[in-house]
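Only a predicted model underlies this, so the values are computations on that prediction, with no experimental measurement involved. Worth knowing before you read on, the calculation uses all heavy atoms, side chains too, and leaves out hydrogens, waters and symmetry mates. First the proteins, then the strands, lettered A, B, ... as listed; each starts at 1.
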Amino acid sequence: MATLLGKVQNDLNLKETELCLGLPGGGGGGGGSDQVETPRSNGKRGFSETVDLKLNLQSKEDLNDDVKNVSKEKTLLKDPAKPPAKAQVVGWPPVRSYRKNMMVQKVNNEDQGTEKTTSSTAGGAFAKVSMDGAPYLRKVDLTMYKSYKELSDALAKMFSSFTMGNYGAQGMIDFMNESKLMDLLNSSEYVPTYEDKDGDWMLVGDVPWEMFVGSCKRLRIMKGSEAIGLAPRAMEKCKNRS
Amino acid sequence: MRDNHPPPPTSDDDHRSSSLPDLARGGQITDSSSSKTRPGPGSSSSSLPQPGSGSELQAQFPDQVLENVLENVLHFLSSRRDRNAASLVCRSWCRAEALTRSELFIGNCYAVSPRRATARFSRVRSVTVKGKPRFADFDLMPDDWGAHFAPWATALAQAYPWLEKIHLKRMSVTDEDLAVVADSFSGFRELVLVCCEGFGTRGLAAVTSKCRLLRVLEVVESLVEPVSEDEVDWVSCFPETQTHLESLVFDCVEYPVNFEALEGLVARSPGLKKLRLNRFVSMPQLYRLMLRAPQLTHLGTGSFSDSEALEQEPDYASAFAACRSLVCLSGFREIWANYLPAILPVCANLTSLNLSYADVNADQLRSVICHCRKLQILWALDSIGDEGLQAVATTCHDLRELRVFPVDAREESEGPVSEVGFEAISKGCRKLESILFFCQRMTNAAVVAMSKNCPDLLVFRLCIIGRYRPDAVTQEPMDEGFGAIVMNCRKLTRLAVSGLLTDRAFEYIGRYGKLVRTLSVAFNGDTDLALKYVLEGCPNMQKLEIRDCPFGDAALRSGLHHYYNMRFLWMSNCKLTRQACQDVARALPHLVVEVINKEDEAAVDDIELLYMYRSLDGPRDDAPQVVTILH
C-alpha cells in the first residue's frame with residue numbers, strides 16, 4: 001500500500017510541476033521544495049467537473065487504480081493556458097459568516113500598517129448574490145476579483161444557468177452599444193444587477209470596476225426582461241458616453 | 001450547547017438522545033435498533049408487581065409503586081441518557097420517569113412535535129431545543145428553511161406555566177416568540193440563544209422588561225436585527241430595582257447599547273458573575289463597569305480599545321487586579337495590543353481565554369500566556385503563528401481545549417500556523433481533549449504525533465483550508481494521520497476531516513472509530529466505499545455531515561440499518577439520485593427525507609441536498625417551496 005501511494009506521489013509530482021502556471025501556491029510548497037500547490041479547480045462543482053463519473057466502482061481491487069486515476073485527475077487544471085479564476089466555494093472553509101465579517105471589519109478599521117501575510121487589499125467587500133430561481137443566496141467577496149470578467153466567471157460557476165451569451169470582450173454588458181443592450185434586456189438571458197449604496201438597482205458593468213466594488217451592496221441575477229426597468233438609467237449612461 | 005467557553009470540553013453533541021423507541025413508547029418501533037451497543041434495560045418486561053393483576057390492586061398499588069420509584073431511584077437521575085434507559089424498563093417506570101423529568105432536551109425540533117413532547121413530560125422546568133443542522137451556518141441551506149420556535153413557544157406556554165429556562169440553538173426566533181416567552185412564564189429565569197436569528201432588540205426588550213426574576217440572558221453568535229427600522233433600548237428595560245442577574249451575554253449584538261443604563265444595571269446586580277460586552281463598549285467604559293462588578297468570574301471585554309487616546313488613562317491593570325475571581329476572559333474585539341498587559345494580574349488564575357477576535361502576534365501572546373499556567377481553554381487566531389503555539393505549549397500544560405481560527409480564510413493564502421506549531425502543542429499539552437485547528441499546511445507525521453501524545457482527545461477537528469491538499473512534505477494523502485487519530489484516541493467522539501483523503505482514511509474510521517458520534521466530511525474520499533465503511537463500522541454515529549464528496553446511491557443504501565439511530569444525515573452536492581432517496585424514504589417510514597434538487601435539471605445525480613432525520617410525527621408542514629419531502 002505504501003508503495004502504491006509512493007507511486008501515486010510521483011504521478012502527482014509530475015503533474016504538478018508540468019501544469020503549474022498562474023498563481024503561486026499556498027502553503028503546499030514550503031521549505032524550498034519545487035512542488036508548488038496547484039490551484040484547484042474550484043467553484044461549486046469543482047470536483048464533479050474533474051472526476052470521471054465512471055469511478056463509482058465497488059470492488060476493492062479496483063480501488064488502487066481508482067486512487068491513482070482520481071488523484072491524477074484532481075491535479076489537472078481546467079485549462080492551463082488560462083489562469084484559473086478565483087471562484088469562491090460556498091461555505092468553505094467552514095468559518096461562520098459572523099466570524100468572517102468580524103475579521104473583515106477589523107482589518108478595515110485598522111490604521112496601522114501591520115504586515116499581513118496576504119498581499120491583496122485588506123478586508124473585503126462581501127455582497128450577497130441571489131439569482132432568480134436558485135434556492136440559496138451566495139456571498140462573494142468583491143475584492144477577490146480584479147475585473148468584471150473575473151466576477152462573471154465566478155458567478156457563472158456559482159449559478160450554472162447563468163450563461164455568458166451576450167457579453168462582450170469585457171465579460172460584461174457592453175454599454176456602448178445601444179441596440180445590443182436592448183436586445184439583451186428584451187431576452188430571457190440572465191443579467192446581473194446590483195444595489196448600490198444609495199439603494200438604487202443598476203445593471204452591473206456601468207461604472208469602472210473599482211467604483212463598483214466600493215458601491216455594490218448586493219447582487220441579483222435576473223432575467224433580462226425583468227431588468228428592463230433598469231434600462232433607462234443604463235441607456236442614459238450609454239447616451240452620456242457616446 | 002455551544003458557548004464561547006463550554007464548561008467541560010466534552011463533545012458538543014448529546015449522549016444517546018431520546019431515542020426513537022424511547023419516545024414512541026406505544027410500541028411503534030422495535031427496540032433492537034436502539035440497543036445495538038448499549039445492552040441496557042432493553043426491552044425486557046417489568047419485574048415489579050404489575051398493577052392490573054386485580055382491579056382493586058389497580059387502584060391502590062400503582063400510586064405506591066410510583067411513589068417508591070420516584071423517591072428512591074429516579075430522583076437521583078439527572079443525565080438524560082440514564083433517564084432514557086430507565087424509561088425503557090417498563091410502563092410504570094416510563095410514566096414515573098416522565099413525571100420526574102424536569103429538563104427536556106429536544107435535539108432536533110422536527111423529530112417530535114411540541115404537542116407530543118409536552119404531553120409525555122408534564123413537569124418540565126427547563127427546555128432545550130435545537131433546530132438547523134450545523135452546515136446551515138455555512139450558507140448551505142435556504143434562508144427560510146425552517147426551525148421556527150413559534151409552535152414550541154405556544155406549546156410550552158400552555159403546558160409549562162412554571163417554566164424557568166429556555167435554551168435554543170440554531171432556531172428561527174421572532175420578536176413575537178420572545179414576547180410570548182416574556183408573557184407566559186412568571187417564574188422565568190434563563191434565556192440562552194445560540195446561533196439563532198429572526199429577532200431584534202424589540203424581542204430582547206420584551207424579555208428584559210417583563211421577566212422580573214431573570215437570572216441569565218445570553219445571546220451568543222446570533223444575528224440580532226431590527227425587523228422594522230426602530231431599535232429598542234433593551235438594556236433600559238430591566239427593572240429599576242435590584243435585579244437577580246447572574247449572567248448577561250450580548251457580545252454578538254451589533255448595535256450600541258445605552259451605556260448609562262448598562263452601568264446602572266451592573267451596579268444594581270450584585271449577583272452578576274458573567275458579563276460579556278459587545279464591541280461598542282470601549283476600554284474606558286469597560287473600566288467603569290469592572291469597578292462596579294469586581295465579583296465577576298467571566299468577562300467579555302468588549303472592544304478593548306478606545307476611539308481616542310485619553311489624556312489621563314485609567315489604570316486598567318488595577319481594575320483587573322480588583323477582580324480576584326476572574327477565571328474566564330473573552331472579547332478583545334478591536335484590541336489595541338498595548339492594552340493587553342492590563343490583563344496580567346488575572347492571568348495566573350485564568351482557566352479560559354478567548355482571543356479569537358484579537359489579531360495578536362506571537363510576542364504579544366507570549367507576554368500574557370507565559371503567566372497562564374492554569375489555562376484549560378484557549379481560543380486564538382492563527383496570527384499568533386507557530387511561535388505563539390510554541391509559547392502555549394511551553395506554559396499551558398493543563399490545556400484541555402484549543403481552537404485556532406484563520407485570520408485569512410482564503411485557499412490561496414500562506415498560513416502562519418502549520419504542522420510545526422501543531423506538533424508543539426501535542427508535545428506540551430498532553431491533556432488535550434478538544435482541538436479545532438485551521439491551517440494551510442499539515443503533515444501526517446504531526447497528526448500521528450498528536451494521536452500518540454494526546455490520547456485523551458474527544459474532539460478532533462482539523463481543517464486544512466486548501467481542499468484536496470496532501471501532506472505538505474510527502475505529498476501523500478492525509479489518510480495515515482487521521483487513521484492514527486481514530487486508532488490511538490480511544491475516546492474520540494467527534495471528528496472533522498480535511499485535506500486529500502482516499503477511501504482508506506474512511507476505512508480506518510470505520511474500523512477504529514467505534515465511539516464516534518459526529519463526523520464532518522468535506523471534499524474527501526474517492527468512492528462509495530468510503531461512506532459504506534463509516535455507516536457499517538461506526539455504531540455510535542449520530543450526526544453525519546457530508547458535502548462535496550463522490551458518494552452515491554449505493555453508499556446511501558448501505559446505511560439503512562442505522563438511520564433510525566441517528567440524529568441526522570446531511571449530504572450536499574454528492575452523487576445522489578432522487579430515486580435512491582425515494583427508496584430510503586419508502587424503506588424507513590419514520591425517516592423524514594428532505595431533498596433539494598440541483599439547479600441543473602439534466603444532471604443524473606440530481607440531488608443538491610439531502611437532509612434526513614428520524615421523526616415520530618412525520619413530515620413537517622412548514623418547509624419552503626424549494627424543499628421536497630419524499631415518501
| task | Determine, stepwise, if the pair B/F438 / A/V95 fulfils side-chain contact (heavy atoms from CB on, under 4.5 Å). | result | CA-CA 9 Å; B/F438 284 85; A/V95 176; 3.7 Å; yes

| remark: In this structure, CG of B/L381 is separated from CZ of A/R99 (nearest 0.5 Å) by 6.5 Å

| said: For a 4.5 angstrom cut-off between non-hydrogen side-chain atoms, does A/P93 reach B/R467? | reply: no

| note | NZ (A/K100) and CZ (B/F405) are apart, to the nearest 0.5 Å, by 13.0 Å

| Where do B/R547 and A/V89 land on the side-chain contact (heavy atoms from CB on, under 4.5 Å) test, with the steps shown first? | CA-CA 12 Å; B/R547 65 164 295 184; A/V89 179; 3.5 Å; yes

| Greatest number of heavy atom pairs closer than 4.5 Å to chain A - which of B/A522, B/S356, B/S383 | B/S356

| message | As an exercise, state the distance from CG of B/L223 to OG of A/S97, rounded to the nearest 0.5 Å. | response | 9.0 Å

| query | Is it the side chain or the backbone of B/C439 that comes within 4.5 Å of chain A heavy atoms, both, or neither? | reply | neither

| query | Which value, rounded to the nearest 0.5 Å, describes the distance between B/D139 atom CG and A/W92 atom CH2? | reply | 14.0 Å

